[in-house]
Amino acid sequence: MKNLLQFFLLFCCSAISGLSISAQQLTNAKKADSVLSLMTLEEKIGQMNQYNDDWLATGPVTIDTDKASQVRKGQVGSLLNCLGTQRVRKWQEIAMQSRLKIPLLFGQDVIHGFITTFPIPLAEACSWDLDAIELSARIAANEASASGINWTFAPMVDIARDPRWGRVMEGAGEDTYLGSKIAFARVKGFQGKKIGNLDAVMACAKHFAGYGAAVGGRDYNSVDMSYRQLWEVYLPPFKATVDAGVATFMNAFNDLNGIPATGNQYLQRDILKGKWGFNGFVVSDWGSIGEMINHGNVGNEYEAAKAAVTAGCDMDMESRNYKNNLATLVADKKVPLNLIDDAVKRILQKKFELGLFDDPYRFCNADREQAALNNPEHARIARQVAAKSIVLLKNNGRLLPLSKETRTIAFIGPLVKPLKQNKGFWDVEVPGVDSNFIVSQWEGLVNKVGKQTALLYAKGCDIEGNDRSGFAEAVSVARQSDVVVVSIGERRDMSGEAKSRSNISIPGVQEELVKELLATGKPVVVLINAGRPLVFNYIADNAPAILYTWWLGSEAGNAIADVLFGDYNPSAKLVMSFPHSVGQVPIYYNHFNTGRPATSDSNHNYNSSYNDLSIYPKYEFGYGLSYTDFEYSNLRFSSNTMKQGDQITVSVTVKNTGKYGGEEIVQLYIRDLVASVVRPVNELKDFKKLALKAGESRELNFVIDREKLSFFSPDPLDGTQMNWIAEPGDFDIMVGASSKDIRLKGRISLLY
Ligand code: BGC
């Protein structure tokens with residue numbers, strides 16, 4: 001048997017060189033079929049089983065001292081959380097002792113970098129810079145693949161409208177259009193030219209689907225939404241990953257309209273593998289097959305395994321329900337063998353695509369690992385991406401950028417000196433090496449200023465707690481300075497998985513510290529570090545300058561210094577609405593108008609407002625300042641009318657009217673004025689990021705086609721089927737610097 005398989009694989013591997021990708025895929029499918037025909041049921045089920053390696057876990061762990069012997073028997077298809085070529089090689093050697101020598105896949109949450117940590121995905125999304133976003137995923141893939149990993153559980157493409165939900169930090173924010181573009185870019189970045197290349201890892205679109213809409217922003221909570229909202233708001237970023245060729249999907253912890261996503265046939269079989277023709281495989285979320293018992297739509301593990309495999313979940317992450325039940329389910333004729341075969345074939349095909357049958361150790365080259373993990377070019381790019389992710393929220397009196405001639409600067413706050421805080425949640429902790437690669441905020445400033453500038457430091461207070469004993473020192477340091485920079489925010493693990501918060505104010509006494517510093521009369525720049533939109537009204541209303549720095553990764557310190565001193569002119573714009581108060585949540589820009597729209601904060605006369613709170617966000621989606629100003633003019637349409645299938649070109653001129661060169665993110669919004677179903681007050685449908693020198697102007701063009709005017713509705717030709725349709729009528733076309741700051745507006749009509 002062994003020889004037969006070896007001969008077969010040798011034949012296949014030598015035969016594929018020079019074939020096109022699709023021909024290769026076909027060949028891989030045939031090879032997978034052939035291996036499948038040699039497998040016992042137990043070995044097949046083994047491929048559908050994924051275990052955690054020992055050192056890191058993101059969920060309840062099953063103690064299993066017998067993993068090695070299970071791998072040796074071919075009862076495991078993949079491991080996660082196994083870091084470093086040495087360790088990967090050790091496990092792969094054990095897999096090579098199995099009867100059919102089917103290699104293991106090694107998965108890891110490579111969410112925003114590997115050794116080089118990039119900004120958290122939410123921050124990076126604020127750059128609206130698709131090339132930069134793709135590049136950071138490319139570098140992460142390069143480092144991870146050099147370290148033995150061939151599969152990342154990223155990107156998370158869940159739309160998120162509720163900052164109480166800790167996992168907003170892991171996605172691209174609240175908007176579907178932007179989220180889809182970013183989802184596409186991230187998959188391209190991780191998978192590179194093609195999976196199978198040594199510097200590529202398989203991407204995994206997660207969490208399918210609806211996870212970001214958890215009721216109350218509580219992680220793992222239920223999701224209940226209309227099918228229109230599902231299709232229009234939550235599914236398009238997933239579809240974008242399929243279009244980008246994503247290799248795998250992960251389902252989700254939540255139930256969707258009463259059916260757990262993990263056992264949801266509509267999502268996985270009908271939409272993903274059916275309508276979208278996805279040919280990769282689906283992994284469960286951590287333990288989510290077994291958790292269907294808690295959801296209460298299955299009674300025991302046997303039923304859970306049946307529901308998940310029937311729904312199209314191909315691999316079980318950590319629940320062991322497949323391992324313990326699939327064979328009996330097949331014997332009992334509750335699960336047809338062809339469902340198992342389909343799942344295993346999908347998994348084997350990816351192993352072939354990765355080249356693992358060819359060489360199971362191809363991602364285990366220790367020399368390559370060393371080189372990739374110490375690459376200064378990666379740090380240089382991480383610094384640029386980090387600077388592009390910083391949002392300038394306020395800059396009264398043009399306090400920023402600071403002069404490099406400033407004599408004395410006080411750098412105050414609990415986040416000035418720490419190293420690891422800058423990495424944010426979901427970083428990869430590689431024992432012994434990671435801290436060496438982090439530039440603290442203090443170090444960044446020290447690197448930046450010359451000998452003529454004195455830097456003073458005081459911690460002021462902790463991130464949490466009521467201790468004000470450091471205030472006096474902080475105030476004294478501030479008084480001795482020309483400018484105060486204060487760095488406050490969340491702890492890095494206050495956002496992330498299982499980090500939902502009902503109170504999203506700045507923790508502890510940090511806002512009070514800023515109050516005291518402002519009372520000195522010195523100019524104060526506030527840096528806010530966080531993994532989500534926070535509430536900080538006192539600071540927003542009273543501090544002259546605010547930079548929202550999120551968590552910027554390894555190069556945080558340098559990037560912050562670049563922005564503070566104008567070596568990089570901030571260009572980022574918010575991808576989530578910032579509320580005035582948690583009472584406004586969920587809050588998002590593309591809401592409906594309602595029958596009684598509120599039009600101001602002073603009129604509560606039987607309209608859709610709060611009696612005690614603004615209806616507007618504190619900072620809206622798409623908002624962000626620059627050190628320069630941009631003027632928008634000359635909105636023109638190639639035509640004011642179009643038929644289905646036609647296009648209209650929208651042109652606009654943007655001029656940099658300020659003193660600094662800078663980048664502007666020009667946003668195109670559309671409102672469908674009258675439709676058979678209610679449409680949002682505006683929806684982002686395109687954007688362009690352009691760099692302009694001081695005084696320079698440029699004309700930009702946007703193309704409006706049927707797709708940009710469409711929504712998801714019962715098809716007029718067949719009322720039972722939902723479909724994307726564009727109804728004739730009038731559409732407002734708005735071009736602006738944010739979802740609120742609309743500079744130019746016109747109207748077009750779609751004709752009958
Ligand atoms: C998370 C996933 C993650 C997995 C493996 C789960 O708890 O929801 O996003 O990929 O753990 O770490």
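Counting starts at 1 for both ligands and their atoms, following the listed order. If you read the sequence from its start, that first residue is 1, and numbering goes on from there.
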**Complete:** Note: Pro119 and Ser389 closest approach over all heavy atoms is CG-OG, 3.5 Å

**Asked** In order of chain and number, which residues sit within 4.0 Å of ligand 1 by heavy atom?
**Response** Thr58, Leu80, Asp109, Phe153, Arg167, Lys206, His207, Met250, Phe253, Asp285, Trp286, Met317, Glu497

**Summary of salt bridge (charged side-chain N to carboxylate O under 4.0 Å, His left out) pairs that have at least one residue in residues 147-157, sequence neighbours excluded** = none

**Item:** Residues in salt bridge (Lys or Arg N to Asp or Glu O under 4.0 Å) contact with Glu318, at least two apart in sequence or another chain
**Value:** Arg320

**Request:** Give me the one residue out of Ile528, Val391, Asn529 that meets side chain to side chain contact (heavy atoms under 4.5 Å, CB included) with Trp550.
**Result:** Val391

**Asked** Charged N to carboxylate O below 4.0 Å: is that the case for Arg167 and Glu170?
**Response** yes

**Prompt:** Residues in salt bridge (Lys or Arg N to Asp or Glu O under 4.0 Å) with Arg346, at least two apart?
**Reply:** Asp342

